[in-house]
S.K.: 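Got a structure for you, written out below as structure tokens; questions coming shortly.
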Amino acid sequence: AGRGTSVIFSPQPSTVTDPYIQAFNNVDCTVDSRIRIAMFKLTDSKAEKMVKALSSLKKRGCDIKMLLTQQGGATTISKTVVKMLKSAKIPAKCTSVPMHTKVILIGPPTNNNGRIYAGTQNMSTSGLRYSEEHTLILDSRRASATYQDDIRRAYGAYMEGWYELSQTAKTCK
């Protein structure tokens, strides 16, 4: 209690809502309007629900930007996913370097008082239902004063890394 941390483990039964979707559904875009995502993989089977959740956030006023990996072979983002993101006007770019990151940052536009979701789970059905995965959540607002500054520093470091990675990202194909 008071540390502002929690962890989610997979696999989860089909009755459990995906933790990423659940997090998106609980965002108040008047407070936490900046959402940055860096994800190794968004699969066709998961894209429909993910794009629907991100579209809802966008309609509520959130500023969403997404980075994905496009490297070829099994890790290539599919044309179906690219089309869904473009149709929903979700700004998504593909990194120029292989990225294995799985991170979502949710916070205000002007400070580091936000949430970090980081772990091993991709935005995929297998990541939630079939594989052993985990997602760590660090939330500065749920932390006591003792831990808030540490989480804010971590949030700032993750955000800085996201922006650095985005500098060489290009339109997904």
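Residues: numbered from 1 along the sequence shown.
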S.K.: Is there a donor-acceptor pair closer than 3.5 Å between any side-chain N or O of Lys58 and the backbone N or O of Lys89?
M.R.: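 Checking the backbone N and O of Lys89 against the side chain of Lys58, a donor-acceptor pair under 3.5 Å is found.
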S.K.: Would you say that more than 12 heavy atoms from the other residues, nucleotides or ligands in this model lie under 6.0 Å from the OH of Tyr163, or not?
M.R.: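 Yes, enclosed.
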S.K.: Has Arg34 got more than 12 heavy atoms of other residues, nucleotides or ligands less than 6.0 Å from its CZ?
M.R.: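 Check passes, neighbour count above 12.
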S.K.: Salt bridge or not between Asp63 and Arg36? Use side-chain N to carboxylate O under 4.0 Å.
M.R.: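 Judged by the 4.0 Å cut-off on N to carboxylate O distance, Asp63 and Arg36 do form a salt bridge.
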S.K.: Heavy atoms, side chains only, cut-off 4.5 Å: are Phe9 and His134 in contact?
M.R.: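 Phe9 reaches His134 side chain to side chain.
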S.K.: Does atom CZ of Arg3 have more than 12 heavy-atom neighbours from other groups under 6.0 Å away?
M.R.: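 Not buried by this count: 12 neighbours or fewer within 6.0 Å.
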S.K.: Any side-chain heavy atom of Gln121 sitting closer than 4.5 Å to one from Lys102?
M.R.: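 Not in contact.
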S.K.: Show your working on side-chain contact (heavy atoms from CB on, under 4.5 Å) between Val103 and Tyr158 and close with a plain yes or no.
M.R.: CA-CA 8 Å; Val103 67; Tyr158 270 101; 3.6 Å; yes
S.K.: Within the supplied structure, the quantity of interest is the number of heavy atoms (other residues, nucleotides, ligands) at a distance under 6.0 Å from Phe24 CZ; does it exceed 12?
M.R.: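 For Phe24, atom CZ is crowded (more than 12 foreign heavy atoms under 6.0 Å).
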S.K.: With Asp18 as reference, evaluate Lys46, Gln12, Lys49 under the side chain to side chain contact (heavy atoms under 4.5 Å, CB included) test and give the passing residue.
M.R.: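 The side chain to side chain contact (heavy atoms under 4.5 Å, CB included) with Asp18 is passed solely by Lys46 among Lys46, Gln12, Lys49.
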S.K.: Is the shortest distance from a Lys or Arg side-chain nitrogen in Arg60 or Asp28 to a carboxylate oxygen in the other one below 4.0 Å?
M.R.: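 A salt bridge is absent here (no side-chain N lies under 4.0 Å from a carboxylate O).
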S.K.: Are Phe40 and Thr101 side-chain neighbours, meaning at least one heavy-atom pair lies under 4.5 Å?
M.R.: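 They are not in contact (no side-chain heavy atoms under 4.5 Å apart), so the answer is no.
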S.K.: Is the closest side-chain heavy-atom distance between Arg152 and Asn113 below 4.5 Å?
M.R.: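 Arg152 vs Asn113: side chains touch.
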S.K.: Side-chain contact, heavy-atom cut-off 4.5 Å: Leu68 with Met66?
M.R.: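 A side-chain contact exists here, since the closest heavy-atom pair is under 4.5 Å.
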